[in-house]
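Working notes, structure below.
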Amino acid sequence: MSSIVTYKYIKQNPDIMEYIRRADKSLEAQGYTEHSFAHVEIVAQNAGMILTELGYSERQSELARIAGMMHDIGNVINRIDHAQSGAVMAFRLLDNLSMPANEICSIISAIGNHDESTAQPVDAISAALVIADKTDVRRSRVRNTDFLTFDIHDRVNYAVEKSSLRFSEDKKEIILSITIDTEISPVMEYFEIFLNRMLLCKRACSFLGIKFAMIVNGSPLL
């Protein structure tokens, strides 16, 4: 059974948009980097792109985009266990939209398995969401405007001048390519923050039958 609930519809749903906005406001108050519409749309588009490039159905790709759009709503409750609380919230919202159980299961299991402390790729959608979420690193996510008070998360994100996620030509490898200003943050500091996330991306890629590669300032590191 399929659903008429589309990614476009989710983006236009005022209730879901309010949850995303308020979740980001909560994180902003706690000093976290941006988790608002820019982040969730990048995650949604990349999650859908990954499955499309690997030959999954358009509906599977769309479910990945929906999961990407909704994956951080649990932050409106608390940052702790936000993946699990967000999955429960998504269930209620999607069930009220009469989305069939098989599709709800795919979305909420992806949301519930995206945080690195408890993440586990359990299907293609959850694997795609993990990769898309953990590879969104960019300068524009930093909210702090006072460079002198940057913490390590601010420095690492602000140091990233460019980042891109793409497949190799043979589709056997997905490549995160980033350019870092090492005057702001050394490469090792990046790995201090993101090593667990990159290892999680490797595990998610393995689930999809592909490899994960990372290129920093032109040099392959993973």
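One-based numbering along the sequence shown.
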Whether over 12 other heavy atoms sit under 6.0 Å from [X] [atom1]:
X	atom1	value
Arg22	CZ	no
Gln12	CD	yes
Tyr19	OH	no
Leu221	CG	yes
Glu169	CD	no
Tyr158	OH	no

Might you point out which heavy atoms bring [X] and [Y] nearest each other, and give the distance in Å?
X	Y	value
Glu161	Asp181	OE2-CB, 3.6 Å
Ile73	Ala23	O-CB, 3.9 Å
Ala204	Pro121	CA-CG, 3.9 Å

Say whether [X] and [Y] are linked into one hydrophobic cluster, either directly or through other cluster members, by side-chain heavy-atom distances under 4.5 angstrom.
X	Y	result
Met69	Tyr56	yes
Leu176	Val160	yes
Phe191	Ile215	no
Val122	Ile108	no
Ile42	Val142	no

Under the side-chain contact (heavy atoms from CB on, under 4.5 Å) test, residues paired with [X] that sit two or more places apart:
X	value
Ala47	Ala64, Ala128, Ala132
Ser57	Arg59, Gln60
Ala38	Glu34, Arg138
Val88	none

Does a side-chain N-to-carboxylate-O contact under 4.0 Å join Glu53 and Arg166?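 No, no charged N to carboxylate O under 4.0 Å.
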Euclidean distance, [Y] [atom2] relative to [X] [atom1], rounded to 0.5 Å:
X	Y	atom1	atom2	answer
Ile131	Leu208	CD1	CG	5.0 Å
Met49	Leu54	CE	CG	9.0 Å
Cys201	Phe194	SG	CZ	10.5 Å
Leu94	Ser106	CG	OG	11.0 Å
Ile175	Phe167	CD1	CZ	9.5 Å

Any side-chain heavy atom of [X] sitting closer than 4.5 Å to one from [Y]?
X	Y	value
Asn13	Met17	no
Thr135	Ser163	no
Asn113	Thr118	no
Gln45	Leu165	no

Quick one: hydrophobic cluster around [X], which other residues, with the 4.5 Å side-chain cut-off, linked directly or via members?
X	result
Val130	Leu200
Leu27	Tyr32
Val43	Leu129

Quick check on side-chain contact (heavy atoms from CB on, under 4.5 Å): which of Thr6, Ile16, Ile125, Ile107 does Ile66 satisfy it with?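 It is Ile107, the one option of Thr6, Ile16, Ile125, Ile107 that forms the side-chain contact (heavy atoms from CB on, under 4.5 Å) with Ile66.
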Practice item. Could you check Met70, Met89, Gln84 and say which one makes a side-chain contact (heavy atoms from CB on, under 4.5 Å) with Ile111? Key: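 Answer after filtering Met70, Met89, Gln84: Met70.
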| message | The criterion is salt bridge (charged side-chain N to carboxylate O under 4.0 Å, His left out); which residues satisfy it with Glu41, sequence neighbours excluded? | response |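 By the salt bridge (charged side-chain N to carboxylate O under 4.0 Å, His left out) rule, Glu41 matches Lys11.
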(message) Once salt bridge (charged side-chain N to carboxylate O under 4.0 Å, His left out) is applied, do any residues pair with Lys8, and if so which ones, sequence neighbours excluded?
(response)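 Listed in chain order: nothing, the list is empty.
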Spell out, as yes or no, whether a donor-acceptor pair under 3.5 Å connects the side chain of [X] to the backbone of [Y].
X	Y	result
Glu62	Tyr7	yes
Asp24	His35	yes
Arg143	Thr33	yes
Ser168	Glu173	yes
Asn157	His153	yes

* For residues 186-198, which residue pairs qualify under side-chain hydrogen bond (donor to acceptor under 3.5 Å, both in side chains), counting only residues two or more places apart or in two chains? ->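 Only Glu116-Arg197, Arg155-Glu189, Ser185-Glu189 qualify under side-chain hydrogen bond (donor to acceptor under 3.5 Å, both in side chains).
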Note to self: With side-chain hydrogen bond (donor to acceptor under 3.5 Å, both in side chains) as the rule and sequence neighbours excluded, what pairs involving residues 199-219 come up?
What the structure shows: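 The answer is none; no pair qualifies.
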Under 3.5 Å, is there a donor-acceptor pair linking the side chains of [X] and [Y]?
X	Y	answer
His39	Asp133	yes
Thr52	Ser61	yes
Asn78	Ser85	no
Ser126	Asp123	yes

Pairs in or reaching into residues 97-148: which pass ring-ring contact (aromatic ring centres under 6.0 Å, His included), with residues at least two apart or in two chains?
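Only His71-His114, His82-His114, Phe147-Phe150 qualify under ring-ring contact (aromatic ring centres under 6.0 Å, His included).
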Would Asp154 and Arg141 satisfy salt bridge (charged side-chain N to carboxylate O under 4.0 Å, His left out), going step by step from the backbone distance to the final call? CA-CA 9 Å; Asp154 292 330; Arg141 295 194 71 180; over 6 Å; no
| said: Would Thr182 and Val187 count as a side chain to side chain contact (heavy atoms under 4.5 Å, CB included) here? Give the steps. | reply: CA-CA 7 Å; Thr182 55; Val187 173; 4.2 Å; yes
